[in-house]
Amino acid sequence: MRKILFVASEGVPFIKTGGLADVVGSLPKYIDKKYYDIRVFIPKYNCMRQEWKDKLNYVGHFYMDFNWQNVYVGIMECIEEGVHYYFLDNEYYFNGDKVYNDDPKFEIERYSYFCKAVLSALPVIGFRPDLIHCHDWQTGLIPVYLKERFGGNEFYRGIKTVITIHNLKFQGKWDVQTVKNITGLPDYFFTPDKLEAYKDANLLKGGIVFADAITTVSDTYAEEIKTPFYGEGLDGLLRARTGDLRGIVNGIDYSEFNPETDKHIVQKYNAVNFRKEKAKNKKALQEELGLTVDDKKMMIGIVSRLTDQKGFDLIAYIMDELCQDDVQIVVLGTGEERYENMFRHFDWKYNNKVSANIYYSDALSHKIYASSDAFLMPSLFEPCGLSQLMALKYGAVPIVRETGGLKDTVEPYNEYEGKGTGFSFTNYNAHEMLHAIRYAEGVYYDKKREWNKIVDRAMAVDFSWKVSALKYQEMYDWLIG
Ligand code: GLC
């Protein structure tokens, strides 16, 4: 039995702010339990829903030297859908009413503590992993600490590490002196071949330098991040480690995202009967959101964190033009105020055409996938993207920019060969995007049979975890030897 430990800052169903949580919550379920004992470590956040906090059982606690103090480390656990989860408990660090904090220095301190505490907790829970699979900058110090202070200890010797980059934009950077102080790492770690990058200490960089292998969440993103445009300053390092870097595309959990069994939607449907049944969801949603009720109108859905990564500058730029067309636009998400207000403004201006829902709702997101004819995702960059996978499954035809995982998962419509599952454009340009949207409108309104065939193909593609989980297993085997 090979022992694998996932370490991450969030995971479904316990706590989620983005796609990272979906991956951490679903991939372990699909790792073959006959050969792998896979467990997951995340922080115990006070802002977790009470129903989840109530499920956790106390395992043990100890005190650890950290940041010049002796700090409490509590361990809780629970088993959820066959996966063994551990939770790291410390009220000072994880007490906030939000998962992430606005103070970058405190973030570094919290997650440095988390990394050291997780490693220190392993003997206490009696689990010595063969491999630790780290996710994003919050866990970047694990490979570093493992080399440094834990390396000399028999228990930790030979533990392999992988770091998966879900988003290179976030790196955990702060000035060297402070990070040295917080982490207790010696001077020689803070050089440009290790944790230092552009005069700052950089925790993700530490993870990339010291991990045995690096993965990211699509093939295209794995290539893109080796270039300056997408490399966020680390493209040189990623080029240097190209032999140890690979892309493995994310899957989604079809037990949760399936129009045939979805509890959130008014009318269940499948790949056979969507032509008749799907539009019933659209009508219900139009009514619920106060849009013109007409199941013939093309509805374009957007479900997203409202950040500039997702291409909202393009949308803002052409929104007035787009609203002259015969379309409805339904938005769900929260994020940067300028985008929240932009959508509120257009909701006010085009009241029966645009619906801006500036909050977070699982139920509404499912309704949008089930109701929309098309799903817009014009990201500036997109490591993988999960919403387009959900949209495909629900027969909401994705309109995407050809970047990262969007490029790898949406096949552009080709009217001559009768191929494709969506529409796409290449450059980060608002009118190129509008052109793609209008091309889709044309097919939707004037070639309905063609449109429905696109939906057929979209609903048929398989992005379950099956294939990708096998790739992770192969990599684990290869590293563990
Ligand atoms: C991040 C990326 C997204 C990816 C997700 C899970 O949220 O922005 O593209 O799908 O991580 O890997």
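Whatever order the structure lists them in is the order used to number ligands and atoms, beginning at 1. The figures here come from the full heavy-atom set of this structure, side chains too, leaving out hydrogens, waters and symmetry mates.
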**Report entry** Nearest-neighbour protein heavy atom for atom 3 (C) of ligand 1, which is reported as residue plus atom name and distance
**Finding:** Glu382 OE2, 3.4 Å
**Report entry** Side chain, backbone, both or neither: Arg305 near ligand 1, heavy atoms under 4.0 Å
**Finding:** side chain
Query - Lys53 versus Tyr45, closest heavy-atom pair with distance - result: CD-O, 4.2 Å
Query raised in the report: With sequence neighbours excluded, what pairs up with Glu336 under the salt bridge (charged side-chain N to carboxylate O under 4.0 Å, His left out) test?
Result: Arg338
Query - Nearest neighbour in protein (non-hydrogen) for atom 8 (O) of ligand 1 - result: Gln309 NE2, 3.0 Å
Query - Distance from atom 4 (C) of ligand 1 to nearest protein heavy atom, with residue and atom - result: Gly385 N, 3.6 Å
Query raised in the report: Does Arg305 use its side chain to pair, donor to acceptor, with the backbone of Gly335 at less than 3.5 Å?
Result: no
Query raised in the report: What residues form a side-chain contact (heavy atoms from CB on, under 4.5 Å) with Ala117, not counting sequence neighbours?
Result: Met64, Val73, Leu88, Tyr113
Query raised in the report: Can you tell me the protein heavy atom closest to atom 12 (O) of ligand 1 and the distance?
Result: His166 ND1, 2.6 Å
**Report entry** Which segment of Asn250 sits under 4.0 Å of ligand 1 when only heavy atoms are counted
**Finding:** side chain
Query raised in the report: Does the ring centre of Tyr254 sit less than 6.0 Å away from the ring centre of Trp465?
Result: no
Report summary line: The answer for which part of Leu20 has a heavy atom under 4.0 Å from ligand 1 is backbone
